[in-house]
**Student:** 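Dropping a structure here in structure tokens format, bear with me for questions.
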Amino acid sequence: QGLIFTAATWGALSSQTATAELERESWTKQPGKPFSNYGAPSDYEKKVIRWIMANDDAPGNGVSWTPLHELEGIVTPSGLHFERHHNGVPAIDPERHRLLIHGLVKRPLTFSVSDLLQYPMQSRLCFIECGGNSNAGWRSEPIQTQVGYFHGMASCSEWTGVPLSVVLQEAGIKGRAKWIIAEGGDASMMNISLPLDKALDDCLLALYQNGERLRAENGYPLRLLVPGWEGVLNVKWLRRLHLAAKPVMARNETAKYTELLPSGKARQFSFVMEPKSVITHPSFGHRLDRHGLYQISGLAWSGRGKIAKVEVSADGGKSWAEAELQEPVLPQCFTRFRIPWRWQGQDVVLKSRAFDETGAVQPERSELIAKRGRHGYFHYNAIVSWAITEAGEISHVYL
Amino acid sequence: QGLIFTAATWGALSSQTATAELERESWTKQPGKPFSNYGAPSDYEKKVIRWIMANDDAPGNGVSWTPLHELEGIVTPSGLHFERHHNGVPAIDPERHRLLIHGLVKRPLTFSVSDLLQYPMQSRLCFIECGGNSNAGWRSEPIQTQVGYFHGMASCSEWTGVPLSVVLQEAGIKGRAKWIIAEGGDASMMNISLPLDKALDDCLLALYQNGERLRAENGYPLRLLVPGWEGVLNVKWLRRLHLAAKPVMARNETAKYTELLPSGKARQFSFVMEPKSVITHPSFGHRLDRHGLYQISGLAWSGRGKIAKVEVSADGGKSWAEAELQEPVLPQCFTRFRIPWRWQGQDVVLKSRAFDETGAVQPERSELIAKRGRHGYFHYNAIVSWAITEAGEISHVYL
Amino acid sequence: EELIGPGLGIQASPAMLKQWNRDVFPDGAGLPSGQGSAREGEVVYRAHCIGCHGPEGRGGSAEELAGAEHSLIDDPPDKTIGTYWPYATTLFDFTRRSMPLSNPGSLTDDQVYAVTAYLLYLNRIIGPDDEMNAQLLPAVVMPNQDGFIDNYRRDD
Amino acid sequence: EELIGPGLGIQASPAMLKQWNRDVFPDGAGLPSGQGSAREGEVVYRAHCIGCHGPEGRGGSAEELAGAEHSLIDDPPDKTIGTYWPYATTLFDFTRRSMPLSNPGSLTDDQVYAVTAYLLYLNRIIGPDDEMNAQLLPAVVMPNQDGFIDNYRRDD
Ligand code: HEC
Ligand code: HEC
Ligand SMILES: [Ca+2]
Ligand SMILES: [Ca+2]
Ligand SMILES: [Ca+2]
Ligand SMILES: [Ca+2]
Ligand SMILES: [Ca+2]
Ligand SMILES: [Ca+2]
Ligand SMILES: [Co+2]
Ligand SMILES: [Co+2]
């Protein structure tokens, strides 16, 4: 109907102006806005926000989600990177900030931010995903909300920083060191234990996000980047690295970010974010208002490495077709998948499932629950199903 | 000296508090700022801006530069993407915007933005560079300014959009069509001619930039992406594509964006941005305040394809060493190169030169001038030389 | 041939095509009816252009529109409409779509023909009483008509 | 071994190490001197914690700190300090660094020992007159001490 209205408008315009000069839209008839030192999204895109869920008594405690349902490609604009803060966003003066490396090292050292900016750096496109992302999937009824407010505690940026191995070499690691306790410089001063071998493998002291210096809510002036591992390890506002023989058993590696199993035991040090995928278009909140060709588009990622394959089903999982992966496919990075699909108005259930290069496969929800029970809370990575009615309405279903 | 001062500070702090509770920085003692729907850079990074040079009588006519000297990695944050506007930034209502495809087509068609959002899309990381970028290099005296205000009419984003070939197929191209005249919907209504074969090869109707919908100053709601070709072809606020047998000979493909040669003839339809590189760290505006190890870091790109190699010289071009290229190396995309370098306080001249996969090489300034003279104005891509004095001061030199 | 897209384009009406297409080609295709002389154009110029481009196309804050003192092979060369622009139709096309910068689209086609004629006159290409219209404009031979080398997919 | 970085780190002073290191390990490493009893802790709790965590650690806007009604294998399970936390030292470590959320770092070590003791008491792990200090805290055996499976680099 919108389209018929459109044609009518042009028809009307044309008869009005048949003999006059060429008609121009209002925005072509006067100079536009001037240049800006730092841009912001269009006024017409004000609905594209990270949605905030915080504690009324503690407004800096909560999360805000990346609106994945509004985005395309793989980069998350920094202004929409998800937030998880324990006690708000500190306004750290970078000239006063220091990183201390101590514990089982030969030389306890401090570094200023301007020191670290002179170190060799590397860049990588990498997702960060909260261990609690998608946890609404554990609920007994399928949550009806847009993709971003279900799976949007995951975002993907180009991070640039100093390999942790470089500064650890300078401090000199003692043989007994097996863990690093990282501490943030916010009001929560969160600490958490990271295995030393991961630290030496691929962790970065990140200084830049998507080209510019870190955003305050993403750890300015310094954050730990722990590629592919749960978000809480990517300590923001990083101020201290404590090399130790054992983990500190912090609140966020015991009381939280552990998965209670049906046996009553809990998985601890469950670091890696397992393969996940979700169809972002079409998805809950969209409506199919015509029959014909659509492009199914979604995101897949795995903390284990590269996505090897994404399969899509339009019949609730009976048959699967391989989607195209947008190049480049990078390890521990969002991977955009797309596949053409023709909808003729039938009831359908769309699903996607991710396979990574290590052979790990995204499980069906029933498989995940069979393995982990219903109360793991963290590390929910099951296949997501979207049911589409004949009227084109889309809902989240468990199948 | 800054470092000695630092150590002294901690010494002082420690004696003050030896017996009290653990001292904490002010920002760890009170809750931080709450969540935000859309983030912005840290208050401590307010100097990182695109610098504006506009016409006083026509504030929407001019440019603003990406501060490449402040950035790392390859992604340009959208808020810092360079701007070139002829008459300001229009505030286009996306619901009223239409794209018209007409001329040598079987079916002249209009598309609304919401139509185009339902088309198959692709994403790619790609630079856009103004044909006039780096033109200060033509001056007889080397300009002394930061890298961004010299070479920063180039930026790199992840663009997502509909392949132009898809909508052209729908309109049905007539055999005589060889060019497409693209027109923007701003107050300048700029038009320019694009060869049809390029349009069918890899051009996109871009709808998203770095994950989110285009920024207004980058063409919201729709821009043409012409990978690797001069910026002016990447028409913003795209409203019309006119298929024709010949170019329209618009002002911006005759009076501008053509390169006058010493013969008095001018190169026209000089589309491809040739290989270029520049060392961003260290560079003009930085100062080396110590001897020892540095990481030289810079950007290279070529409109012809992938960067194959970047070489760096620390002796004014007598000898060259191959820099490391940050993966992934993508066609028509910024490529970050880095190489370690030890400075012992001697006078040096740093240079970088880019080679692309087609065999094209970034020329020395003297070679470029020998070929093109001094008055080409556009397409300056010569090697940039930074001279460093014994005192660590850095200036731009011609060598 | 099966469509690779969903086929959502709407047929454009002839009226829309006429309204939207303002491209003017060197052969005159796209030029509207109407006319204007260089003398009439001077009036337009004084009213709408002189503030930015200066008297007789020189000395304003915006681009110089006439009055080259050097040729294209002098150092520095002098690129103006008279010395550099290859087609007179470009002047009409650009002025109609983009000028006056402070109020684009505000001139009638007659005014655009007139100010185009005036700029051609200032550049000593036509006389002060000459007029421009859809027939005469594409027939103007610009001094630098042959000044351009098509560089597309050449390798220098 | 030659450094791969420029070697700009500054030796940290022992005083700085002492001030900055607030990690408390299960074996008690990192605990400061000082002490506090559960009864003293109740006073601290009423003054600084009750507003968010509620009376006796329940019913506030923030996390429940005591009063589990179910076990870990009930449906739903009840994860509290008493049923879930494996080490008492974590309580000291977390409270000292992060609580009270509205004014973190404002308690003395004695107050942190005391409120830690009070929370252990509320969870029925120690008695109302028991005290905590650097020796006693790591000796507390938490009910769920053996409740965790180290999953690092295991494949389930
Ligand atoms: C408010 C200032 C302003 C006014 C008024 C104005 N112009 Fe311009 N004009 C400019 C600017 C600025 C440019 C450069 C535009 C660009 O960079 O795209 C320009 C460019 C031009 C050019 C192209 C010059 C070249 O060498 O590429 C022509 C021709 C021109 N104007 C003609 C006119 C005419 C005719 C009028 C009046 C009908 C007019 N202008 C009124 C500011 C103005
Ligand atoms: C202004 C509100 C507020 C006050 C006051 C406060 N807390 Fe908290 N507390 C919270 C919030 C919110 C959390 C969750 C923190 C997070 O998500 O990191 C929390 C978490 C905790 C936890 C961890 C619970 C768990 O299961 O992980 C403990 C223990 C705790 N607080 C103890 C205290 C003590 C002891 C005090 C007083 C000395 C106190 N709190 C005062 C808001 C408060
Ligand atoms: Ca975990
Ligand atoms: Ca050109
Ligand atoms: Ca001149
Ligand atoms: Ca008329
Ligand atoms: Ca409970
Ligand atoms: Ca004390
Ligand atoms: Co986990
Ligand atoms: Co060119």
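Keep in mind the model is a prediction, meaning the values are calculated, not measured.
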**Student:** So does B:R107 get a backbone contact from the side chain of C:Q11, meaning a donor-acceptor N/O pair under 3.5 Å?
**Tutor:** no

**Student:** Counting only heavy atoms closer than 4.5 Å, note whether C:D23 contacts chain B via side chain, backbone, both or neither.
**Tutor:** both

**Student:** Could you tell me which portion of C:Y87 (side chain, backbone, both or neither) has an atom closer than 4.5 angstrom to a non-hydrogen atom of chain B?
**Tutor:** side chain

**Student:** Using non-hydrogen atoms and a 4.5 Å limit, figure out which bit of C:F25 sits close to chain B: side chain, backbone, both or neither.
**Tutor:** both

**Student:** Just by modelled atom types, is the B:M189 backbone N or O under 3.5 Å from a matching donor or acceptor in the C:R97 side chain?
**Tutor:** yes

**Student:** If the contact rule is any heavy atom under 4.5 Å from chain C, which residues of residues 240-251 of chain B qualify, in numerical order?
**Tutor:** B:R240, B:H242, B:A244, B:K246, B:P247, B:V248, B:M249, B:A250, B:R251

**Student:** Would a distance-only check, ignoring hydrogens and angles, find a side-chain to backbone donor-acceptor pair under 3.5 Å from B:Q118 to C:G5?
**Tutor:** no

**Student:** Pick one of side chain, backbone, both or neither for C:D27, based on which atoms fall under 4.5 Å of a heavy atom in chain B.
**Tutor:** neither

**Student:** Compare every heavy atom of B:D57 with every heavy atom of C:G51, then report the nearest pair and how far apart it is.
**Tutor:** O-OD2, 4.4 Å

**Student:** Measure across C:P104 and B:N87 and return the closest heavy-atom pair with its distance rounded to 0.1 Å.
**Tutor:** CG-ND2, 4.0 Å

**Student:** At a heavy-atom separation under 4.5 Å, does B:Y119 approach chain C through its side chain, its backbone, both, or neither?
**Tutor:** both

**Student:** With a cut-off of 3.5 Å and sequence neighbours excluded, list every side-chain donor-acceptor pair involving residues 125-136 of chain C.
**Tutor:**
from	atom 1	to	atom 2	distance (Å)
C:D129	OD1	C:R39	NE	2.6
C:D129	OD1	C:R39	NH2	3.0
C:D130	OD2	C:G127	N	2.8
C:N133	OD1	C:Q135	N	2.8
C:N133	OD1	C:L136	N	2.8

**Student:** Give, as side chain, backbone, both or neither, the part of B:S263 having an atom under 4.5 angstrom from any heavy atom of chain C.
**Tutor:** backbone

**Student:** Can you give me the closest heavy-atom contact between C:N151 and B:S270, atom names plus distance?
**Tutor:** ND2-CA, 3.6 Å

**Student:** Specify the closest pair of heavy atoms between B:N55 and C:A62, including all atoms of both residues, with the distance to one decimal.
**Tutor:** ND2-CA, 4.3 Å

**Student:** Name the region of B:D56, side chain, backbone, both or neither, that has any atom closer than 4.5 Å to a heavy atom of chain C.
**Tutor:** neither

**Student:** I need the minimum non-hydrogen distance between C:Y84 and B:T254, along with the two atoms involved.
**Tutor:** CE2-O, 3.3 Å

